[in-house]
Protein chains: 2
Amino acid sequence: MADSLTDPKMAEKLDGLRMTKQRKVVYDVVQELAIDHPTASSVYTKAKEIMPNISLATVYNCLETLTEAGAITQVNLHREASRFCPNLQPHAHFFCAKCDSVFDVNLNEQADASEPWNLPDGSKIQEMNVAMRGLCPNCQDS
Amino acid sequence: MADSLTDPKMAEKLDGLRMTKQRKVVYDVVQELAIDHPTASSVYTKAKEIMPNISLATVYNCLETLTEAGAITQVNLHREASRFCPNLQPHAHFFCAKCDSVFDVNLNEQADASEPWNLPDGSKIQEMNVAMRGLCPNCQDS
DNA sequence: GTTTATATCAAGAACTATTCTAATAAAGGG
DNA sequence: CCCTTTATTAGAATAGTTCTTGATATAAAC
């Protein structure tokens, strides 16, 4: 599969990173549960089925390492528990207020579409957050 | 000013809400510090200058109430402390990775612009998050 | 291969931002 | 004003996450 850790492009991202058994398990679990956008503790629960001695701290460490390496991304809404997503394509996330599910939303292919996001039919947005991190003009110079 | 609590449109939003002294102070402080996008504790520090006996819990309560009423919005990036913003126009937020400042970013007026966000010249995006909350098709029906 | 350096792991303590609890106080309607 | 409702306060509690320590494992240097 394209997003496998053994994929050459992914290997490049993970350059200099030790692919330990724990990291592999954590990454595989995030892939397996991708559709749920699992939290750290969901990943922990599932990872223990494969590696019973793995600790929650290690799961947190692995998730952080994989995120920094760019293999997965951290997904948040307000201050709810972080969720993790192995989809590296540019996309947004929709959080259902009722059933607590989270799903990926792709950009609309048609540039002239009225709605930039390709939401499933029948979903209704109540709130939208757009945040960017980077360097401001002042900090860019120094 | 247009965003004042005494503005008729704002009054409508706050319908049914008791405008207590504390809520007024908290709202005024958020307005005053708007450019900084203050955290709850920044609001608390400033609010105490005006009302020395106000408690942190009250600041949190007021911020929550004002947010629910639609008078301010809660702004987050990952799980950093929430920040609050009295700008009710649709806009995004830019978090500087170096100086920790946060600023408003408006939508580009020109529909055909290459970049949908009107970023200040010289700023550089490293990461972008788009999240929506609402009802998914399944939950819409039930 | 042995030694030395570096990175990772596990367990639990510590931390931060936030929410909850229970008692007191303040608003607003009659 | 009085009464009911709602808000405030201070401090305790909580959730999610990060940190610390010592033990292991891996890699690098010799």
Q: Nearest whole Å is fine: how far is C:dA7 P from A:Leu17 CG?
A: 12 Å
Q: If you assign each of B:Arg83 and B:Thr20 to its closest nucleotide in DNA chain C, which residue comes earlier from the 5' end?
A: B:Arg83
Q: Looking only at side-chain N and O atoms, does A:Arg79 come under 4.0 Å of OP1 or OP2 in C:dA17?
A: no
Q: Can you tell me how far P of D:dG16 sits from CD of A:Gln74, to the nearest Å?
A: 14 Å
Q: Would you check if B:Val105 and A:Val130 make a side-chain contact, meaning some heavy-atom pair closer than 4.5 Å?
A: no
Q: Between C:dC9, D:dT17, D:dT8, which one does the side chain of A:Gln22 approach most closely?
A: C:dC9
Q: What integer distance in Å separates A:Tyr27:OH from C:dT8:P?
A: 18 Å
Q: Heavy-atom distance under 4.5 Å between the side chains of A:Phe94 and A:Ile125, does that happen here?
A: yes
Q: Base, sugar-phosphate alone, or nothing: which one does B:Thr39 contact when heavy atoms must sit under 4.0 Å apart?
A: nothing
Q: Give, ordered by number, those residues of residues 53-66 of chain A having at least one heavy-atom distance below 4.0 Å to an atom of DNA chain D; if nothing qualifies, reply none.
A: A:Ala57, A:Tyr60
Q: Which whole-number value in Å describes the distance from B:Asn76 CG to C:dT18 C1'?
A: 12 Å
Q: Do you reckon B:Trp117 sits in the same ILVMFWY cluster as B:Val102, going by side-chain contacts under 4.5 Å, direct or chained?
A: no
Q: Enumerate, atom names and distances included, each donor-acceptor pair closer than 3.5 Å involving a side-chain atom of residues 63-73 of chain A, sequence neighbours excluded.
A:
| unit_1 | atom_1 | unit_2 | atom_2 | d |
| --- | --- | --- | --- | --- |
| A:Thr65 | OG1 | A:Asn61 | O | 2.8 |
| A:Thr67 | OG1 | A:Leu63 | O | 2.6 |
| A:Thr73 | OG1 | A:Cys85 | O | 3.4 |

Q: Please give, in whole Å, the distance from D:dT9 C1' to B:Met51 CE?
A: 12 Å
Q: Could you tell me the separation between the NE2 atom of B:His78 and the C1' atom of D:dG16, rounded to a whole number of Å?
A: 15 Å
Q: With DNA chain C as reference, determine whether B:Glu80 or B:Lys21 sits nearer its 5' end, using the nearest nucleotide of each.
A: B:Glu80
Q: Is it possible for you to say whether B:Leu77 and B:Phe84 belong to one hydrophobic cluster, with membership spreading through side-chain heavy-atom contacts below 4.5 Å?
A: no
Q: So, A:Ser55 versus A:Thr58: side-chain donor-acceptor pair below 3.5 Å or not?
A: yes
Q: Does B:Arg18 contact D:dT6 through a side-chain donor or acceptor facing the base, at a distance under 3.5 Å?
A: yes
Q: List for me each residue that meets ring-ring contact (aromatic ring centres under 6.0 Å, His included) alongside A:His37, sequence neighbours excluded, and say none if there are none.
A: A:His93
Q: Side chain of B:Arg23, heavy atoms from C-beta onward: which of C:dT8, D:dA7, C:dT18 has the nearest atom to it?
A: D:dA7
Q: Can you measure B:Leu77 atom CG to C:dA17 atom P for me and round it to whole angstrom units?
A: 15 Å
